[in-house]
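Every heavy atom of this structure was used, including side-chain atoms; hydrogens, water molecules and symmetry mates were not. Since we're looking at a predicted model, the values are computed, not measured. Here, residue 1 is the first one in the sequence, and each next residue gets the next number.
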Amino acid sequence: MSHIIQQNVEQPNKDEWIFDLANVVTDIKKLYRCLDLDPNVISLPMLQARKQFPLRVPMAFINRMKKGDSQDPLLLQVLCDEQELINVPGFSKDPLDEQHNDVPGLLHKYHNRALLMTKTACAINCRYCFRRHFPYHDNQGNKKNISAALAYIADHRELDEIILSGGDPLMAKDHEMALLIAELEKIQHIKRLRIHSRLAVVIPNRITSELCRLFAKTRLQIVLVTHINHPNEIDDDVTNAVKSLKNSNVTVLNQSVLLKNINDNADVLAELSNKLFSIGILPYYIHLLDKVQGAAHFLIDDDMARQIMQQLAKKVSGYLVPKLAREVGGEESKRVLAIND
């Protein structure tokens with residue numbers, strides 16, 4: 001049954017999400033203890049994998065994991081794995097050819113839209129992240145780089161949409177977001193602002209009343225793309241955050257990544273699509289894994305992906321079937337895979 005969007009949703013104050021952001025686990029043993037798992041089973045290679053790509057997961061997300069379950073689908077997204085140390089042929093540190101951009105922090109891969117990196121950090125480190133090796137030190141969202149990016153955007157009139165990414169763009173505080181939106185509003189050919197954020201899900205308190213007022217009053221059409229891979233990620237706090245966004249005239253879409261042993265199941269994806277739609281989010285894309293070194297153990301091959309999507313299409317309405325897509329470096333758009341080939 002669909003939830004009715006309420007007009008009066010209690011929203012967190014501007015400081016609550018900062019507390020949640022600081023209330024984070026970065027130690028594998030502590031994570032195991034939080035989940036009533038035996039820390040003695042943690043292997044040396046797991047600790048080595050943590051050195052290569054740090055563990056970071058907020059308690060707000062850990063609280064949605066099932067205690068005592070080492071195979072919990074939320075846990076598997078963030079837990080260091082010894083398989084990350086294997087150098088797998090065909091996998092790269094730059095799977096989407098993003099690390100040679102001309103303007104620091106700006107990627108103009110597609111004709112009408114450009115991606116602006118406003119923040120280089122995330123609230124959570126997902127182990128399958130395609131930017132886990134990205135040179136963020138060369139792409140800081142500082143005043144100099146943002147100024148150069150805005151000048152580029154102003155000079156390229158074919159652009160009508162800016163995508164905020166990172167890192168996570170919602171790591172920016174409300175006043176920082178307000179300043180950036182004000183600058184983008186001055187560029188008349190920019191019509192839409194799309195924000196890709198995992199923070200809105202892992203720390204839903206980030207969706208503050210101040211942020212929602214900012215979204216509601218701008219002339220730009222705001223699209224927020226959440227990143228939810230499993231239905232267990234959606235709780236009452238996420239539901240309320242999405243209601244606040246919807247009440248602020250924000251279009252909310254979701255993208256997922258198809259991940260082995262996490263959501264590679266049509267029943268799980270059907271539950272996810274139905275749960276997303278019930279709280280006001282439209283399923284948008286489900287991505288095939290970007291082949292980044294350290295994430296090969298999550299890979300689902302194309303044939304299996306198509307089979308899963310064919311099964312999903314039989315279980316839900318057509319508008320609840322996300323597009324199965326792959327991003328290929330250098331191509332002018334995402335490559336959508338037909339599921340019936």
Side-chain angles (χ1 to χ4, degrees), residues 3 9-37 50 53-80 119-129 166-174 176-177 195-212 224-246 248 250 252 254-257 259 262-263 271-272 275-276 278-281:
H3 294 273
V9 177
E10 184 177 348
Q11 294 170 318
N13 66 47
K14 63 181 181 180
D15 296 322
E16 286 183 30
W17 76 275
I18 300 294
F19 171 80
D20 286 343
L21 187 63
N23 190 16
V24 63
V25 172
T26 59
D27 179 78
I28 304 177
K29 291 183 179 179
K30 182 177 179 180
L31 177 60
Y32 267 51
R33 288 193 294 268
C34 288
L35 296 172
D36 295 339
L37 296 171
R50 175 178 172 268
F53 185 49
L55 173 77
R56 180 180 178 86
V57 54
M59 283 302 304
F61 195 71
I62 294 172
N63 290 338
R64 288 170 240 172
M65 299 177 186
K66 184 179 178 181
K67 290 190 174 183
D69 184 0
S70 63
Q71 299 303 304
D72 178 88
L74 277 59
L75 172 62
L76 294 180
Q77 295 181 51
V78 300
L79 183 62
C80 310
K119 292 293 178 180
T120 58
C122 288
I124 189 170
N125 283 350
C126 303
R127 307 310 296 181
Y128 51 87
C129 179
D168 195 309
L170 289 187
M171 292 285 279
K173 295 181 175 64
D174 291 339
E176 294 176 308
M177 189 66 70
I195 302 170
H196 284 218
S197 178
R198 186 87 160 123
L199 195 62
V201 177
V202 300
I203 300 180
N205 276 342
R206 176 63 191 95
I207 308 304
T208 63
S209 56
E210 186 175 345
L211 183 68
C212 288
L224 192 138
V225 182
T226 58
H227 179 173
I228 304 173
N229 296 314
H230 194 279
N232 292 358
E233 297 178 41
I234 301 172
D235 63 1
D236 290 343
D237 290 336
V238 173
T239 299
N240 288 332
V242 173
K243 287 179 180 179
S244 297
L245 290 166
K246 299 285 286 185
S248 304
V250 176
V252 188
N254 185 68
Q255 61 179 1
S256 306
V257 181
L259 300 166
I262 293 171
N263 61 7
E271 183 182 354
L272 174 60
K275 202 166 183 179
L276 287 167
S278 74
I279 67 170
I281 303 177

Pairwise distance [atom1]([X]) to [atom2]([Y]) - rounded to 0.5 angstrom:
{"X": "Leu224", "Y": "Leu245", "atom1": "CG", "atom2": "CG", "result": "5.5 Å"}
{"X": "Lys29", "Y": "Leu37", "atom1": "NZ", "atom2": "CG", "result": "14.5 Å"}
{"X": "Arg33", "Y": "Leu31", "atom1": "CZ", "atom2": "CG", "result": "10.0 Å"}
{"X": "Ile234", "Y": "Thr239", "atom1": "CD1", "atom2": "OG1", "result": "7.0 Å"}
{"X": "Ile281", "Y": "Asn254", "atom1": "CD1", "atom2": "CG", "result": "6.0 Å"}
{"X": "Ser256", "Y": "Leu272", "atom1": "OG", "atom2": "CG", "result": "5.0 Å"}

Looking at side-chain heavy atoms only, is the closest gap between [X] and [Y] below 4.5 Å?
{"X": "Ile207", "Y": "Val242", "value": "no"}
{"X": "Asn232", "Y": "Arg64", "value": "no"}
{"X": "Leu170", "Y": "Leu211", "value": "yes"}
{"X": "Ile124", "Y": "His227", "value": "no"}
{"X": "Leu199", "Y": "Trp17", "value": "yes"}
{"X": "Ile195", "Y": "Pro169", "value": "yes"}
{"X": "Ile18", "Y": "Lys173", "value": "yes"}

Distance-minimising heavy-atom pair for [X] and [Y]:
{"X": "Ser197", "Y": "Asp168", "answer": "OG-OD1, 2.9 Å"}
{"X": "Cys122", "Y": "Arg56", "answer": "O-NE, 3.2 Å"}
{"X": "Ile28", "Y": "Leu55", "answer": "N-CD2, 3.6 Å"}
{"X": "Ala172", "Y": "Met177", "answer": "CB-CE, 4.3 Å"}
{"X": "Ile279", "Y": "Val238", "answer": "CD1-CG1, 4.3 Å"}
{"X": "Ala123", "Y": "Val202", "answer": "CB-CG2, 4.0 Å"}

So, does [X] use its side chain to make a donor-acceptor pair with the main chain of [Y] at under 3.5 Å?
{"X": "Asn23", "Y": "Met59", "answer": "no"}
{"X": "Arg50", "Y": "Thr26", "answer": "yes"}
{"X": "Asp237", "Y": "Pro204", "answer": "no"}
{"X": "Lys119", "Y": "Met171", "answer": "no"}

Does one side chain, of Asp174 or Thr208, offer a donor that lies under 3.5 Å from an acceptor on the other?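 There is such a pair between these side chains.
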Contacts under 3.5 angstrom, residues 65-80 side chains, donor-acceptor by atom type, not counting sequence neighbours:
{"unit_1": "Asp69", "atom_1": "OD1", "unit_2": "Gln71", "atom_2": "N", "d": "2.9"}
{"unit_1": "Asp69", "atom_1": "OD1", "unit_2": "Asp72", "atom_2": "N", "d": "3.4"}
{"unit_1": "Asp72", "atom_1": "OD1", "unit_2": "Lys66", "atom_2": "N", "d": "3.0"}
{"unit_1": "Asp72", "atom_1": "OD2", "unit_2": "Leu74", "atom_2": "N", "d": "2.9"}
{"unit_1": "Asp72", "atom_1": "OD2", "unit_2": "Leu75", "atom_2": "N", "d": "3.0"}
{"unit_1": "Gln77", "atom_1": "OE1", "unit_2": "Arg198", "atom_2": "NH2", "d": "2.8"}
{"unit_1": "Gln77", "atom_1": "OE1", "unit_2": "Asn229", "atom_2": "ND2", "d": "2.9"}
{"unit_1": "Gln77", "atom_1": "NE2", "unit_2": "Pro73", "atom_2": "O", "d": "3.3"}
{"unit_1": "Gln77", "atom_1": "NE2", "unit_2": "Glu233", "atom_2": "OE2", "d": "3.1"}

